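A short write-up of the structure that comes next.
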There are 2 protein chains.
Amino acid sequence: MRAGPSQEEIRRQNLGALLRHVHVHGAMSRAELTSALGLNRSTIGALTADLANAGLVSEATPKQRGRAGRPSLVVRPESARVHAWAFSIEVDRLQAARVGLGGVVLDRRELSRPRGLVAAETAPLLAGALKEMQPAVPPGTICVGAGIAVCGMVRRDDGLVRLSPHTGWVNEPIGATLAAELDAETPVVVANVADVCAFAEHARGAAAGRDNVIYLYGDVGVGAGIIAGGRRLTGHGGYGGEVGHMVVNRNGSRCECGSRGCWETEIGEYALLHAAGRPAASGREAVLAVIDAADRGDARAQAAVRQVGDWLGFGVGNLVNIFNPEMVIFGGTMRDLYLAAAAQVRSRLNSVGLSACLEHVRLRTPQLGRDAALVGAAELAFERLLADPLEV
Amino acid sequence: MRAGPSQEEIRRQNLGALLRHVHVHGAMSRAELTSALGLNRSTIGALTADLANAGLVSEATPKQRGRAGRPSLVVRPESARVHAWAFSIEVDRLQAARVGLGGVVLDRRELSRPRGLVAAETAPLLAGALKEMQPAVPPGTICVGAGIAVCGMVRRDDGLVRLSPHTGWVNEPIGATLAAELDAETPVVVANVADVCAFAEHARGAAAGRDNVIYLYGDVGVGAGIIAGGRRLTGHGGYGGEVGHMVVNRNGSRCECGSRGCWETEIGEYALLHAAGRPAASGREAVLAVIDAADRGDARAQAAVRQVGDWLGFGVGNLVNIFNPEMVIFGGTMRDLYLAAAAQVRSRLNSVGLSACLEHVRLRTPQLGRDAALVGAAELAFERLLADPLEV
DNA sequence: GCGGTTTGTTGTTCCGGGCAACGTATTGTT
DNA sequence: AACAATACGTTGCCCGGAACAACAAACCGC
């Protein structure tokens, strides 16, 4: 029930819209921006002048000439001079990267993650990777903040990791801990991996331009990043999208969350390994090994892939009925599983889903590859900049 | 990726915010509006002048005096002069009402609905009820449109009822059919009952001010109206919230949708009657009879209530994990069931739900009573007015 | 080089909200 | 009853932001 935006907010929003446009779509001419944003030439000129003045974009005469008329200046994001730090905390590894405006990964480090590491021990590792990358940062650059993707439930207000069963974290304040290791001016944002990947794919990946998307991310556990009506679904505390703990089988096996028959006990990495009669080993390699065996004709592995693929389609069917998305993206090990069992997934999905909801659903794999989590984490940090470009 | 609002849109939004405020919170003084909307006194003055000029609000010197200073003019919505038509199509009855700005039901009619009535036969009945109410409409009134609440899946773009299993409708263009019966200028909006009730409870009922809410509506079938991040979750085609067809029991009984073990086969009206060993009779009375019998000590009825209540808590637990809402509202026969089996619901919810998601969930019953669907349907029609008050 | 075309630039206009000064209606005090 | 105090409506002015139009600049083809 708030009033509409004031006039200065118009400027903020227009600056943000322009910067976001070149951030997402890459360098483009002022003429293109004029038609894309629906603003006047002179307004675009004034906005780019402000942004260039703040060091966020640069203008240049285009190399490629050929059309009639005066060539339009090309506005490009200052990818090298404006960046965010991005971190990803996964079950068995840590990633750190410097990501430039425009979503380009400028530098990166990867560490294996020993089991049982709490936040107080993890933050120094991340900060260390950052310090390692620091010397390569050219002078005069702008850092807009840091984003962390965590495989667990993250409280939106303060970035506390409430629960991350497969890393063993309970109430770990990773955001605050890392912030203490960094400059006081560097804001730190934390979110769930699935949410972050969904965000990235929605901004510049497979889901670009789609307003209702479910990004399913699987490793040991399963979570979803959900875009509903063009906006991220966070829920009240930030724990939305915990679809891995949707109970699909009341007689199923115990889940680490304490319940029984959660979806992730049927489609998580361990489920596939168990069905294939293999030891419970974490990591994508073990999953790929089963799929590989199935490809080579191993009957037990084939049955396991079919069974787990069936459960995958089952849960997706439920989600499709609840959300009526236009796209479902399978990320993490769900990608491999979906590709190996697409027939089962589709078939079960078709039997569970309502025909109206199935009508426009596309099943896809991510486009951003292994960088999705890092790009998405950086996107979290960039969000502040895009909301108010001149405040930095 | 659109640009921010232009200056004229500021005016529209401020007019809408002011009108919405008095529409939702009732008549209030210009001074209160000034602080509520955060606008200047002079701006509020100009806005109310525009709205009063358009006949949407009226100003009056307040009756109640007592505080020092010049008394502030009271702005009240022109409830009698500005109205919408509201309709509700339920399994066994039809409702029609004239609802004034501010959400007051000015007049209403109720018809029982014979089974097997298609849209082409229903629309004349609704239009007839409207014509019956027409003579009581004072001259010079403004009608902003008509809203219809339907117990079925509604395509957002054109209001086509894709599927309503329990009324037997398939691809019935109720919106277009009713529009043809009315003035050409009266826009008709159609939506699902649960969505509409959620909208109403969110605007002025139990969920006022809550941004993440699930409104569960049950009769023969079960659907949910979902508010996520303060906005209605519609999904891509408008079919979002079909939680009744979330499969919770793979070995369950056949559902009318063609699948097996849908949630509504476990908690719908027939489920309770079947568990209680009674004939499948539609309508709230049959449900209340079972609950009444359970209250009076009928062991079989008690077991039925417990069993269905357990399934109710089970599904709500799943939804709580997926959406992390701050409130779940039980409407329709779900209200009676929840009140009768609150212990089972809570207990199963606690065992299925993740503790972080359970933390701030409140379980509630609706505040708007039997008028919820009509008020919500009217709200759909008012939405256009509130988006651009002077365009009418 | 010249007209045609497209775009950047500049000065002007328009619109909407904030602000301050003033007028007005009520309460409380002497 | 007269006065101050209080709170509000009203009016005129200012400022910021975008649209618009006129002009200048840079490209094309001939």
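Not measured: the values here are computed from a predicted model. Labels below follow one simple rule: chain letters A, B, ... track the order of the sequence lines, proteins then strands, and each chain is numbered from 1.
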Would you mind reading off the distance between Leu73(B) atom CG and dT26(C) atom P, rounded to a whole angstrom?
11 Å
Between dA18(D) atom C1' and Glu9(A) atom CD, what is the distance in whole Å?
16 Å
Compare the minimum distances between each of dT10(D), dA21(D), dG17(C) and the side chain of Ile10(B), then state the nucleotide with the smallest one.
dG17(C)
For Arg12(A) and dG17(D), give me the distance from atom CZ to atom C1', rounded to whole Å.
13 Å
Side-chain donor/acceptor contact of Arg41(A) with base of dG8(C) under 3.5 Å
yes
Determine the interplanar angle of the His21(B) and His25(B) rings, folded into 0 to 90°, and report it as parallel if under 30°, tilted if 30 to 60°, perpendicular if over 60°.
tilted
Leu390(B) CG to dG16(C) C1', in whole Å, measures 14 Å
Measuring to OP1 and OP2 of dT10(D), would you say a side-chain N or O of Arg30(B) lies under 4.0 angstrom away?
yes
Would one find a side-chain N or O of Ser72(A) under 4.0 angstrom from OP1 or OP2 of dG8(C)?
yes
Starting at atom CD of Glu8(B), determine the distance to atom P of dT13(C), rounded to an integer number of angstrom.
20 Å
Crowding at CZ, Arg12(B) (>12 non-hydrogen neighbours, <6.0 Å):
yes
Please state how far atom CG in Asn40(B) lies from atom C1' in dG9(D), giving the value in whole angstrom units.
11 Å
Can you tell if the side chain of Leu47(A) reaches within under 4.5 Å of the side chain of Arg11(A), non-hydrogen atoms only?
yes
5'-most contact on DNA chain D (nearest-nucleotide basis), Ala68(A) vs Arg11(A), goes to Arg11(A)
Taking the minimum atom-to-atom distance to the side chain of Arg70(A), which one of dA19(D), dT7(C), dG9(D) wins?
dT7(C)
Winner on side-chain proximity to Thr43(B), out of dT27(C), dG18(C), dC27(D), is dG18(C)
How long is the line joining CG of Leu37(B) and P of dG18(C), in whole Å?
11 Å
Hey, can you tell me if Phe323(A) and Phe323(B) have their rings parallel, tilted or perpendicular (30° and 60° cut-offs)?
tilted
So does Arg30(A) pair up with Glu59(A), basic N to acidic O under 4.0 Å?
yes
Check whether any side-chain nitrogen or oxygen of Asn14(A) sits under 4.0 Å from OP1 or OP2 of dG17(D), and answer yes or no.
no
Using side-chain heavy atoms (C-beta onward) and a distance below 4.5 Å, is Leu33(A) in contact with Val22(A)?
yes
Measure distances between side-chain N and O atoms of Thr34(B) and base N and O atoms of dC8(D), and say whether any donor-acceptor pair falls under 3.5 Å.
no
On DNA chain D, check which nucleotide each of Leu47(A) and Ser29(B) is closest to and give me the residue with the more 5' one.
Ser29(B)
When all nucleic acid strands are considered with a 4.0 Å heavy-atom cut-off, which category describes Ser42(A): base, sugar-phosphate, or nothing?
base
As a check of understanding: the bend across the helix from dG1(C)-dC30(D) to dT30(C)-dA1(D), end axes from five pairs, rounded to 10 degrees, works out to 10°
Closer than 3.5 angstrom, by distance alone: can the side chain of Ser79(A) be matched with the main-chain N or O of Leu101(A) as a donor-acceptor pair?
yes
Measure CG/Leu18(B) against P/dG16(C) and give the value in whole Å, please.
15 Å
Side chain to side chain, Ile227(A) and Arg232(A), heavy atoms closer than 4.5 Å:
yes
